[in-house]
Amino acid sequence: MKINISPHIFFFFFVLLLLIPLLASSAETQVHIVYFGEHNGEKTLQEIEENHYSYLLSVKEREEEAKSSLLYSYKHSINGFAALLTPQEASILSEKEEVVSVYKSKPRKYSLQTTRSWEFSGLEKAVPFKTEGRDDDVLLKSRYGKNVIVGIIDSGVWPESKSFNDKGLGPIPKRWKGICQSGDAFNSSHCNKKIIGARYYLKGFEHYYGPLNRTTDYKSPRDKDGHGTHTASTVGGRRVHNVSALGGFARGTASGGAPLARLSIYKVCWPIPGEGKEEGNTCFDEDMLKGMDDAIGDGVDVMSISIGTAKPVAFEEDSLALGALHAVKKNIIVACSAGNSGPAPSTLSNPSPWIITVGASSMDRSFIAELELGNGQKIWGQTITPYKLKKKIMYPLVHAAETNQCLPGSLSPEKVKGKIVLCFRGAGTRVGKGAEVKRAGGVGYILSNSKANGEELSVDSHLLPATAVGYTNGLKILNYLNSTKNPMAYIAPAETILEGVRAPFMAAFSSRGPNIIYPDVIKPDITAPGLNVLAAWSEGSSPTKMAIDHRVTKYNILSGTSMSCPHIGGAAALMKAIHPSWSSAAIRSAIMTTAALNDNTGEALSDAGGVEADPFQFGSGHFRPSKAADPGLVYDATYKDYLLFLCSNGHNNVDPSFKCPKRPPPPNALNYPSVAIPKLNGTVTIKRTVTNVGRSKSIYFASIRPPLGIYVKISPPILYFNHVGQSKTFTITVKAEEETASKMEKGKYLFGWLTWNDGHGIYSVRSPIAVSLA
């Protein structure tokens with residue numbers, strides 16, 4: 001049978017066959033970051049970009065395609081570019097000798113000043129920790145962080161906040177090279193002598209999600225979300241009197257840690273389309289890396305980055321680690337949040353040793369809303385809702401038994417109208433559950449922690465009278481409900497309490513070690529206040545960030561390692577002002593080795609349930625900036641030391657100008673202010689070097705609190721220093737004691753401490769030790 005095919009149809013199928021490979025190639029195109037290492041300083045910015053473009057021309061068929069595929073050219077310190085590549089194109093580029101690495105971009109969710117946290121940490125009037133003979137005023141010594149420049153890598157800024165006024169500030173430092181980028185509701189007039197720079201980056205975001213919906217965020221450095229404003233003001237907000245959250249909670253004088261520091265804003269995080277709820281934001285690798293590269297070029301001294309991942313990320317895919325390594329080479333201090341994936345172990349993000357990784361703990365302030373049950377039992381809960389029950393009477397109490405998650409649309413108005421409703425945490429948001437109670441006609445809301453949340457309470461500005469209780473009290477309420485036919489309850493109005501609050505304790509959400517990317521480094525490094533922190537807020541967002549919440553507030557209370565990270569950023573700015581010649585490693589060491597291990601009652605740091613915490617939760621302890629300013633000794637490290645560390649971990653071409661030795665030193669040789677020995681088998685001896693930054697002529701004595709069943713010897717046990725700047729090296733020998741080794745659980749970590757004391761009670765330089773057996 002003969003079939004006649006029209007020439008037109010034949011031509012259509014012929015063209016289609018030609019297009020199929022191109023369409024397939026286009027469908028596979030993804031953003032990749034191509035990394036070359038460090039710039040050699042011989043080329044102009046224009047020449048660098050042209051060089052990057054030439055690499056794209058080598059794998060793209062047309063010039064137009066090469067131009068349109070280039071998203072960013074990293075040209076200040078980081079040498080590389082972000083571009084749209086197919087897997088085949090990425091593979092070809094990765095094979096080129098001068099290319100260090102090529103990796104795909106991934107979106108990262110960031111987790112989510114203060115009228116109390118800086119006082120609690122010893123910078124202001126209230127000093128809950130023992131000063132051990134020193135009451136030096138760090139704020140005066142540092143001149144309040146004057147002229148130190150802090151880069152905030154986050155979601156932008158609300159520039160009208162009083163926390164960012166520039167009254168009385170002098171001229172912008174001449175070394176500053178940044179810009180004030182205009183955009184939606186933001187122009188050069190929104191920068192001043194406090195906010196000296198502002199930029200935004202969304203090419204990666206828009207490639208993944210399409211054009212930004214400009215009703216959900218500003219295409220500019222302006223902060224719609226609130227997160228960036230909160231972290232920026234915690235680092236370096238000016239002193240603002242008589243501020244509070246909605247309803248007058250936490251009233252006091254707001255101040256950042258370094259109130260005279262200059263701030264530069266790099267907006268890299270944007271709302272996920274369709275989310276419209278808490279935690280609905282994301283930051284892309286290529287956008288973050290460009291922000292960090294610009295911050296290095298602009299001349300920042302410190303970077304505060306409250307961005308992390310839900311799970312640890314390997315170095316070859318970790319843009320924050322890559323950007324931070326280049327920053328540290330320029331002696332820029334980088335502080336990052338540990339993440340909010342606790343209390344599960346091995347969950348922390350930002351594991352690299354050149355980053356200060358920050359966990360979250362509490363402070364001595366509560367927002368008590370007492371719950372009274374019909375049997376007379378009284379239970380303390382916490383909230384910052386401004387709403388109160390209309391009458392001081394008992395109301396019917398019900399448990400959302402058919403759906404204790406209280407998810408949207410789950411509650412029946414017939415069962416909850418006019419009643420107080422008990423819900424348990426789990427799926428959904430804390431505020432969202434209360435919104436569901438309100439929708440169904442409930443008059444009040446009790447939010448109980450689940451077993452996983454324990455007794456730690458993050459407060460929220462709920463949309464109705466409400467209080468939050470710990471898991472133990474949640475079970476008490478549930479038992480009462482099941483013990484009577486007519487359960488009743490009353491929620492008292494909340495009030496701010498500053499007395500009798502035991503603190504700090506570790507927040508349950510704070511991500512934990514051990515460090516599974518670099519097991520020879522204890523992470524986090526330090527903990528700082530991250531639970532219920534008050535700071536400036538965006539007036540473009542409600543306090544709950546929910547679409548149904550139309551309230552506006554200038555200050556808001558949030559919890560997360562995002563809140564603890566800028567505390568270390570602010571402390572680092574003060575240290576930089578006092579010790580401008582110190583390396584970023586020395587400043588990190590000072591912050592770590594002077595940290596507190598006890599709470600304000602003198603007891604050991606604990607978790608939210610009262611169980612003693614360990615260095616995989618708090619690192620070296622709770623930060624004390626007043627002590628860090630004069631640490632006595634520091635453990636210093638250089639950029640080359642970090643490259644050697646990377647060599648020992650199998651990363652051989654991070655910097656093309658540096659060649660790894662055939663036998664690099666072991667990872668534990670890095671001169672870090674803590675000691676981790678995973679899978680101990682036999683005897684291990686490592687070296688550490690300390691540099692005298694205290695008194696010129698001084699003697700230090702080693703003291704050891706070894707891990708249980710582990711033998712630790714320090715040699716020499718006494719260090720003599722004749723002048724400031726002198727360094728001394730010592731060894732730490734570790735082995736398991738024969739009698740107990742056989743009884744110890746393999747792989748389980750045991751903890752101890754190494755301390756150098758000066759014998760006069762002035763200096764105590766302490767480092768944690770973590771050991772597991774093979």
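None of these values were measured; they are calculated from a predicted model.
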Checklist entry - Is there a side chain to side chain contact (heavy atoms under 4.5 Å, CB included) between T593 and W756 once you walk through the steps? => result CA-CA 10 Å; T593 60; W756 288 103; over 6 Å; no

Item to check | Nearest non-hydrogen partners of G308 and S349, listed with the distance | outcome: CA-OG, 3.5 Å

Next on the checklist: Between R766 (side chain only) and A595 (backbone N and O only), is there a donor and an acceptor less than 3.5 Å apart?
Outcome noted: yes

Item to check | Inter-residue atom distance D364.CG - I497.CD1, 0.5 Å rounding | outcome: 12.0 Å

Next on the checklist: Under a plain distance cut-off of 3.5 Å, with no hydrogens placed, do T553 and Y555 share a side-chain donor-acceptor pair?
Outcome noted: no

Item to check | Short side-chain to backbone donor-acceptor contact, N331 and S584, under 3.5 Å | outcome: yes

Item to check | Sidechain-backbone polar pair: S352 side chain, I355 backbone, donor-acceptor under 3.5 Å | outcome: no

Next on the checklist: Using only atom types and a distance under 3.5 Å, with no angle test, would you say the side chain of R143 pairs donor to acceptor with the backbone of K141?
Outcome noted: no

Checklist outcome for this item: Between M563 and H567 the two heavy atoms that sit nearest each other are O-ND1, 2.8 Å

Checklist entry - For A637, does its backbone N or O pair with a side-chain atom of N671 as donor and acceptor, under 3.5 Å? => result no

Item to check | Pairwise side-chain contact, F623 with P529, heavy-atom cut-off 4.5 Å (strictly under) | outcome: yes

Item to check | D137 side-chain N/O to L140 backbone N/O, donor-acceptor pair under 3.5 Å | outcome: yes

Item to check | Polar side chain donor-acceptor pair, T527 to H622, under 3.5 angstrom | outcome: no

Checklist entry - Any Lys/Arg nitrogen of D298 or R199 sitting under 4.0 Å from an Asp/Glu carboxylate oxygen of the other? => result yes

Next on the checklist: Does K193 have more than 12 heavy atoms from other residues, nucleotides or ligands lying within 6.0 Å of its NZ?
Outcome noted: yes

Next on the checklist: Applying side chain to side chain contact (heavy atoms under 4.5 Å, CB included) to N242 and R251, what does each step give before you reach the verdict?
Outcome noted: CA-CA 6 Å; N242 197 31; R251 188 174 298 281; 3.0 Å; yes

Checklist entry - Atom CD1 in I196, atom CG in N147: separation rounded to 0.5 Å? => result 8.5 Å

Item to check | Test item: L574 and L139 side chains (from C-beta on) under 4.5 Å apart, heavy atoms | outcome: yes

Checklist entry - Quick one: are F616 and L348 in side-chain contact, heavy atoms under 4.5 Å? => result no

Checklist entry - Taking side chain as C-beta onward, heavy atoms only, is D460 less than 4.5 Å from T544? => result no

Checklist entry - Can D525 and Y672 be counted as having a side-chain donor-acceptor contact under 3.5 angstrom? => result yes

Next on the checklist: Hydrogens and angles aside, do N757 and T755 bring a side-chain donor and acceptor to less than 3.5 Å of each other?
Outcome noted: no

Item to check | Where N532 and R365 come nearest, the two heavy atoms and their spacing | outcome: O-NH2, 3.1 Å

Checklist entry - Yes or no on side chain to side chain contact (heavy atoms under 4.5 Å, CB included) for L169 and R238, after CA distance, side-chain angles and deciding distance? => result CA-CA 11 Å; L169 287 178; R238 302 296 300 275; 3.7 Å; yes

Checklist outcome for this item: Residues I307 and I153: closest non-hydrogen pair is CD1-O, 3.7 Å

Checklist entry - Do M506 and L605 come within less than 4.5 Å of each other through their side chains, counting heavy atoms only? => result no

Checklist outcome for this item: In K267, H230, H227, the residue satisfying side chain to side chain donor-acceptor pair (under 3.5 Å) with D154 is H227

Next on the checklist: Tell me if a side-chain donor or acceptor on R624 pairs with a main-chain N or O of T594 at a distance below 3.5 Å.
Outcome noted: yes

Next on the checklist: Do S306 and T561 make a side-chain contact, defined as non-hydrogen atoms from C-beta onward lying under 4.5 Å apart?
Outcome noted: no

Item to check | Salt bridge present between R222 and E539 (N-O < 4.0 angstrom) | outcome: no

Next on the checklist: Can you tell me how far apart OG (S458) and CD1 (I557) are? Round to the nearest 0.5 Å.
Outcome noted: 11.0 Å

Checklist entry - With no hydrogens and no angle check, is any side-chain donor or acceptor of N340 less than 3.5 Å from a backbone partner on F509? => result no

Checklist entry - Under the side chain to side chain contact (heavy atoms under 4.5 Å, CB included) criterion, do V157 and I152 qualify, and how do the steps go? => result CA-CA 9 Å; V157 71; I152 310 295; over 6 Å; no

Next on the checklist: Within the 3.5 Å criterion, strictly below it, is a donor on S538 or D223 matched to an acceptor on the partner's side chain?
Outcome noted: no

Checklist entry - Out of curiosity, R512 CZ to S341 OG, how far, rounded to the nearest 0.5 Å? => result 11.0 Å

Checklist entry - Does the ring-ring contact (aromatic ring centres under 6.0 Å, His included) test come out yes or no for F645 and Y518, once each step is laid out? => result CA-CA 10 Å; F645 175 83; Y518 302 118; 5.1 Å; yes

Checklist entry - Between atom CG of L670 and atom CH2 of W354, what is the distance when rounded to the nearest 0.5 Å? => result 9.5 Å

Checklist entry - So, for W176 and S264, which heavy atoms are closest and what is the spacing to 0.1 Å? => result CH2-OG, 3.2 Å

Next on the checklist: Determine whether a donor-acceptor pair (N or O, by modelled atom type, separation under 3.5 Å) exists between the side chain of T229 and the backbone of W158.
Outcome noted: yes

Next on the checklist: Within the structure provided, determine whether T638 and D641 are in side-chain contact (heavy-atom separation under 4.5 Å).
Outcome noted: yes

Checklist entry - Does a side-chain heavy-atom distance below 4.5 Å link W582 with D636? => result no

Next on the checklist: Given the ring of F164, does K194 sit roughly above its face, with NZ or CZ under 6.0 Å from the centre of the six-membered ring and within 45° of the axis?
Outcome noted: no

Checklist entry - Can you name the one residue among R262, K146, R175 that meets salt bridge (charged side-chain N to carboxylate O under 4.0 Å, His left out) with D301? => result R175

Checklist entry - Below 2.5 Å, is that where the SG pair of C191 and C180 sits? => result yes

Item to check | Approximate separation, where rounding is to 0.5 Å, of Q181 CD and I265 CD1 | outcome: 13.0 Å

Checklist outcome for this item: When every non-hydrogen atom of S182 is compared with those of Y200, the smallest separation belongs to O-CE2, 3.6 Å

Checklist entry - Any donor-acceptor pair under 3.5 Å linking the side chain of D293 with the backbone of K290? => result no

